[in-house]
Amino acid sequence: MSPDYVLEARNVSKHFTVRGSLGRSAVVQAVQDATVRLKPGQILALVGESGSGKTTLARLLARFYEPTSGEIALRGEPVAGGGRAARRAYHSDVQLIFQDPFGSLNPLHRVRYNLDRALKLHHPSLDGDARLRRATALLERVSLTPAADYLDKFPHELSGGQRQRVVIARALAVEPKVLLGDEPISMLDVSIRLEMLNLLEKLRAEDGLALLYITHDIASARYLCDDIAVMYAGQMVESGPKEEVIAAPQHPYTKLLIESSPDPERAAGDRDELFEGADELGEPPSLIDPPAGCRFHPRCPFAMTQCRSEAPPVTGLGDGHWARCWLHQHGRAGELARTTHAAAMARRAPQEVAT
Amino acid sequence: MTNTRTVLEVRGLDVEYVTADLPVRACADVSFTLGRGEILGVAGESGSGKSTLITALTRLQRPPAVTTAGEILFHGRDGAPPVDLAALDARELRRYRWTAVSIVMQSAMDALNPVMRIGAQFADALRAHDKALDKRAAWVRAAELLAMVGISGDRVRDYPHQLSGGMRQRAAIALALACRPQLVVMDEPTTAVDVVMQRQILAQVLRLRRELGFAVVFVTHDLSLLLELADRIAVMYAGRIVELGSAAELYRAPRHPYTQGLRDSFPPLHAPLRPLSGIPGSPPDLRRPPSGCAFHPRCARRIEGCDARLPLLEAVGDGHQAACLFNTREGAGR
């Protein structure tokens, strides 16, 4: 039986030790007990604020470092340890694309060399002519045509969008099954971001590539992905089909994130009303000493006593949609749809906010 | 005649980068008027000239950038004749910095001194413009200013690195407001923070504007944000304003193909999804600008003459201007 998932992070945690003041060391719980599963041809968006652990999770999936606990599985098989050869084999299936297309290419070498090196490493049997044909085909796949014009350019001679295309072409050189994109379009000009999203969608459709799309831009996540997973303070708090998660978020943090995203459609109304109650939304906690219970409780307008002491369990909501919030266990989940974060915050009793 | 409802009038502003080989005209013939207490959004991509415009307005530009033409007329509250900021020397300018015009930069770390306590930086700015203010009172005022942006007053004793990124950005806004300026220029103030903090900052800017009455020039590449925040929006392309109008008009009925392309480059958050294509091609190299309309090589509505004639910004509706031959041609046909 072939496994359903091409890549999984199973209950992974990653803790970093940092040196604090006065020589004391502290442990940062960057990712805590996170599970992510990617099917072939699936696009999953991973969203959350900066510092929520998105990038750490992507790097665990790319095996930049090993998880503190939990495991990464490729086609159902756990991967761990192994030497350089094992890692190279892993990276011929899983490739990571960084946010910064300027730092991802060797600036001293032409596009031809940057692509050739990846081909040489991962396809040692190909001769020089075959590699050149591959490199040409790769540039055509990412719409850098005519390819001959781009092969001999240096990275600095390309625009940001062209450079990110070369980065994607190089990732594709190894014929991966999974692409991990860490904010792959956020440094590009607005007018060319869509081309990049459309290119990623094309690669999924043509090659059955699975994609983990990490972003804080919910609108672009909705445009590209099938499913959305939401991280807060190192933990997964909600996941499900995109339209369900965006239209009816089932975790108060997801709700805050979506209501905070720019939405020109609603701009028609009164502006002061639109931003009412939004001038104090709080900030994510320190991951050295995260809040007990649900990590979102200090910012949550719905928080109950239990939320302060006990971590909420996962509540399945059908259709692969789930959330980790006590509201579901207390029959209060309906409140999420009836109010906004700001309105609920204003109603929250002042003494509750203080504690 | 002085106009008490206007705070800033920019007329025919040209900024060039003077280099040995090819001079680059980064701002060309930029003109707009800003009302007292108005929020004007300036949207544009990299190389559109929006940052050049900001450094010219605030007179913070450095060589090789040179303002080669135009006026930046600042109207004071007192109804006195306007002052051309572009014509003042460094000493005269000092009277206008902080009290008339202040700036919030993209990275608060560029505005805050990393080795000075927050309170000391506020006190410096406050006391430079109010010699009568003693040190103690300046620190008290600093705490009040921080409280205004939701930061506890006791953080005045902190160094910038002890604040979170979002707090630093809010502290930079409070600092910009310290001397009660009439105009605050904001250069991508929320680009380095995430969406929740961005919304907080925008909500605070709106509230403070209501309370203090300052006008804002808000520059960003994120048109979707401006559509929610700004009263009016100027869209820049290749150094020129190509469209200027109310946020609602620009969203509903953009009259320049670039504005339309930019608007359609943001997928909707809730409306039905459809395939979007962005704008093909990339922004021009200003060392070798295209002939005629700089957008013509990327324009889907290009007509005869677009590659030869430079379209001027002209009225296309009530308070709405666009620079596109297509509009002129349509109007002539009617």
Side-chain angles (χ1 to χ4, degrees), chain A residues 47-52 158-162 186-198 201 216-224 242-243 246-247 253 256-269 271-272 274-284 286 299 341-342, chain B residues 39 43-48 149-150 164-167 192-208 210 221-231 247-248 251-252 258 261-271 273 275-283 285 298:
Chain A
V47 302
E49 282 165 285
S50 38
S52 62
L158 303 173
S159 71
Q162 290 168 344
S186 66
M187 288 187 58
L188 303 179
D189 264 323
V190 173
S191 68
I192 53 184
R193 287 182 184 177
L194 276 165
E195 287 181 44
M196 211 58 62
L197 293 181
N198 291 338
E201 165 59 36
H216 57 256
D217 176 3
I218 311 266
S220 76
R222 177 174 178 242
Y223 181 75
L224 179 65
K242 65 175 173 189
E243 295 294 355
I246 291 173
Y253 175 64
L256 171 62
L257 203 56
I258 290 166
E259 288 173 4
S260 298
S261 300
D263 181 10
E265 296 278 326
R266 68 182 169 190
R271 232 165 333 129
D272 288 330
L274 190 63
F275 281 90
E276 196 177 338
D279 61 352
E280 234 6 284
L281 301 171
E283 288 195 68
S286 153
R299 295 171 77 184
H341 178 92
Chain B
I39 300 183
E45 300 181 87
S46 44
S48 64
V149 291
S164 71
M167 277 191 199
V193 300
D194 51 57
V195 289
V196 179
M197 182 53 69
Q198 168 170 294
R199 191 150 187 88
Q200 277 187 75
I201 290 175
L202 300 184
Q204 290 183 349
V205 167
L206 280 170
R207 176 173 54 76
L208 293 168
R210 203 162 58 228
H221 65 276
D222 189 346
L223 182 66
S224 70
L225 175 167
L226 287 183
L227 290 168
E228 285 195 317
L229 177 77
D231 298 309
Y251 180 63
R252 262 202 326 268
Y258 176 65
L262 207 54
R263 179 196 68 178
D264 295 340
S265 293
F266 292 91
L269 191 59
H270 294 290
L273 285 175
L276 300 172
S277 56
I279 305 172
S282 37
D285 179 352
R298 301 173 76 186

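Model, not experiment: these values are computed from the prediction. Here is how names work: the chains are called A, B, and so on, in the same order as the sequence lines, proteins then strands, and each is numbered from 1.
Neither the backbone nor the side chain of B/Asp285 comes within less than 4.5 Å of any heavy atom of chain A. When heavy atoms are compared at a cutoff of 4.5 Å, B/Ala230 approaches chain A solely by way of its backbone atoms N, CA, C and O. Interface remark: A/Leu224 contributes no atoms to any contact with chain B (heavy atom separation under 4.5 Å). Neither the backbone nor the side chain of B/Arg263 comes within less than 4.5 Å of any heavy atom of chain A. Residue B/Val193 does not touch chain A at all, counting heavy-atom pairs closer than 4.5 Å. Using a 4.5 Å cut-off between heavy atoms, A/Asn198 contacts chain B through its side chain alone, with no backbone atom that close. For B/Arg298, the part lying under 4.5 angstrom from a heavy atom of chain A is the side chain only.
With respect to chain B, the highest number of heavy-atom pairs below 4.5 Å among A/His216, A/Glu195, A/Glu243 belongs to A/Glu195. Your options are A/Ile192, A/Asp272, A/Ile258, A/Asp217, and the one with the most heavy-atom pairs under 4.5 Å with chain B is A/Asp272. Options A/Glu276, A/Glu201, A/Glu259, A/His341 differ in how many heavy-atom pairs under 4.5 Å they form with chain B, and the most are formed by A/Glu259. In terms of non-hydrogen atom pairs under 4.5 Å with chain B, the most contact-rich of A/Ser220, A/Ser186, A/Gly282, A/Ser159 is A/Gly282. Between chain A and the options B/Gly150, B/Gly166, B/Ala271, the largest number of non-hydrogen pairs under 4.5 Å is found for B/Ala271.
Scanning all heavy atoms of the two residues, the minimum distance from B/Gln204 to A/Asp279 falls at NE2-O, 2.9 Å. Minimum heavy-atom separation, A/Leu194 to B/Pro267: CD2-CG, 4.3 Å. B/Leu229 and A/Arg271 get closest at one heavy-atom pair: O-NH1, 2.6 Å. Nearest heavy atom pair, residue B/Val196 against residue A/Glu49, reads CB-OE2, 3.7 Å.
In terms of modelled atom types and a separation under 3.5 Å, the side chain of B/Gln200 and the main chain of A/Leu281 share a donor-acceptor contact.
Note that CD of A/Glu265 is 10.5 Å distant from CG of B/Leu227, once rounded to the nearest 0.5 Å. Here the straight-line distance linking atom CZ of A/Arg193 with atom CG of B/Leu276 works out to 13.5 Å at 0.5 Å rounding. The structure places CZ of B/Arg199 at 12.0 Å from CG of A/Leu257, a figure rounded to the nearest 0.5 Å. Rounding to the nearest 0.5 Å gives a distance of 12.0 Å between OG of A/Ser191 and CG of B/Leu223. Note that CG of A/Asp189 is 8.0 Å distant from NE2 of B/His221, once rounded to the nearest 0.5 Å.
With B/Asp194 as reference, A/Ser50 is the one residue of A/Ser260, A/Ser52, A/Ser50 to meet the side-chain contact (heavy atoms from CB on, under 4.5 Å) rule.
Side-chain contact between A/Arg222 and B/Pro268 is present, with at least one heavy-atom pair separated by less than 4.5 Å. Taking 4.5 Å as the limit, every side-chain heavy atom of B/Arg207 sits out of range of all side-chain heavy atoms of A/Phe275. Looking only at side-chain heavy atoms (C-beta outward), B/Asp222 and A/Val190 stay at 4.5 Å or farther from each other.
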